[in-house]
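Written below as structure tokens is the structure these notes are about.
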Amino acid sequence: MDALEKQLVCPICLEMFSKPVVILPCQHNLCRKCASDVFQASNPYLSARSSPTDSFRCPSCRHEVVLDRHGVYGLQRNLLVENIIDMYKQDSSRPEAEVKQQQPMCGDHEEEKINIYCVSCSAPTCSLCKVFGAHKDCEVAPLESVFQAQKAELTDCVSLLVGNNERVQAIISQLEETCRVVNENGCRQKSKVCEAFDRLFALLEDRKCDMIVQINAEQEEKLDYIRGLSRRHGEHLESSAKLLESAIQTLDQPEMALFLQVTKPLLQKLLQGADTSHLEQVQHGYEKMDHFRANVEGQRRALMRVDFLRRVDDEDEEEAADIKGTAAGSPFEEQWQEGASTNQQPDLQRGPEDPPTPQSAPPPSPRSTAPQAPPTPVASA
């Protein structure tokens, strides 16, 4: 009670707090009257209710307390301290005799205090119970000695429980740390897996671009050649149409002499126009692009076998596995390295009807496969 009373003393008046009790922002308490006195001493020319810029320092910690427009009346009341003061005053005013009556009395002998302990029944009792009552044949001991013994035993049990709690708390802390480490390791490994697959995606994308470039190169070459043939055939058709128009006009000539003068050179021109041997033709199947078929079955099977490294407990086995993995490599990586070194894996698979063409060499020119020119037709007499 003395320690509690010291906590309820105002640092200004050095007496128990008088209501209302105000709490400062620094969590120290003052009587409102004392707070007003301190404020008046710090600001002698101002009233307790003043502007929001007024302030004073806490007498306990020297923390500056800034007041609002209500002054010290704007400070919050500490109702908890006020209730404790009321309870303390009530307990202090209670008579000592009433306090002494709180000592337990015997249930069988209401006027007798419990002053001994029945060891046989493990229960506290009074002297009359030992002499005349239910415990007359039991072994008894002084209440104080049993109290000290059981208090020591209880203290040991409490110490044991506290030690167990500390160990359990240490285990909980270790488990929490393990959870944190597991989360960090999981995030780190997921990041590594994502990076590994991103590198694979980049390799596949580069290889795809290289193969598309090869297809585009042959496609443009064939298109340029076919456009050139189409242009030459168009020029030949245009000249033939002009000759045909000239021949029709000649047929309409009524004068035989004039007709015979232009007929012979016109016939030579018509025979030359009918000759198409100098015009190249596209070989059958030249338009096909089926020989560009990607052979990715081996890589697909290798990707399906991508998995995590297996854990081995024996260091020798782990070292042997590392050496073997370094020498052999993964199936996908081995095939990919072969493709990078020979520029053929993954390759563009060619059809059975087309001869294989090295990737480094350009596709064969269609001019070399053009059919032989037909014999020059001879005009009939």
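Basis for what follows: all heavy atoms, side chains included, without hydrogens, waters or symmetry-related copies.
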Problem - Check: Tyr286 main-chain N/O paired with Lys222 side-chain donor or acceptor under 3.5 Å - result: yes
Exercise for the section: Measure from the side-chain N and O atoms of Arg62 to the backbone N and O of Pro59, and report whether any donor-acceptor pair falls under 3.5 Å. Expected result: no
Problem - Presence of salt bridge, Glu205 and Lys208, under 4.0 angstrom - result: yes
Exercise for the section: Determine, using the 4.5 Å side-chain heavy-atom cutoff (strictly less than), whether Leu200 and Phe308 are members of one ILVMFWY cluster. Expected result: yes
Practice task
Grab the two heavy atoms, one from Phe17 and one from Val9, that are nearest each other, plus how far apart they are.
Solution key: CZ-O, 3.7 Å
Exercise for the section: Kindly say whether Ile226 contributes a backbone atom to a donor-acceptor pair with the side chain of Ser230 at under 3.5 angstrom? Expected result: no
Exercise for the section: Examine the side chains of Tyr225 and Glu220 and answer whether a donor and an acceptor come within less than 3.5 Å of each other. Expected result: no
Exercise for the section: Decide, yes or no, whether a salt bridge links Glu297 with Arg301 under the criterion of side-chain N to carboxylate O below 4.0 Å. Expected result: yes
Practice task
Would you mind listing every side chain to side chain donor-acceptor pair (under 3.5 Å) that reaches into residues 187-197, with sequence neighbours excluded?
Solution key: Asn185-Arg188
Problem - Trace of the side chain to side chain donor-acceptor pair (under 3.5 Å) decision for His291 with Glu218 - result: CA-CA 11 Å; His291 53 284; Glu218 184 167 337; 2.9 Å; yes
Practice task
Take atom CE of Met87 as the centre, draw a 6.0 Å sphere, and report whether it contains more than 12 heavy atoms from other residues, nucleotides or ligands.
Solution key: no
Practice task
Taking the six-membered ring for Trp and the single ring otherwise, decide whether the centroids of His278 and His236 are under 6.0 Å apart.
Solution key: yes
Problem - His233 side chain to Glu238 side chain, donor-acceptor N/O pair below 3.5 angstrom - result: no
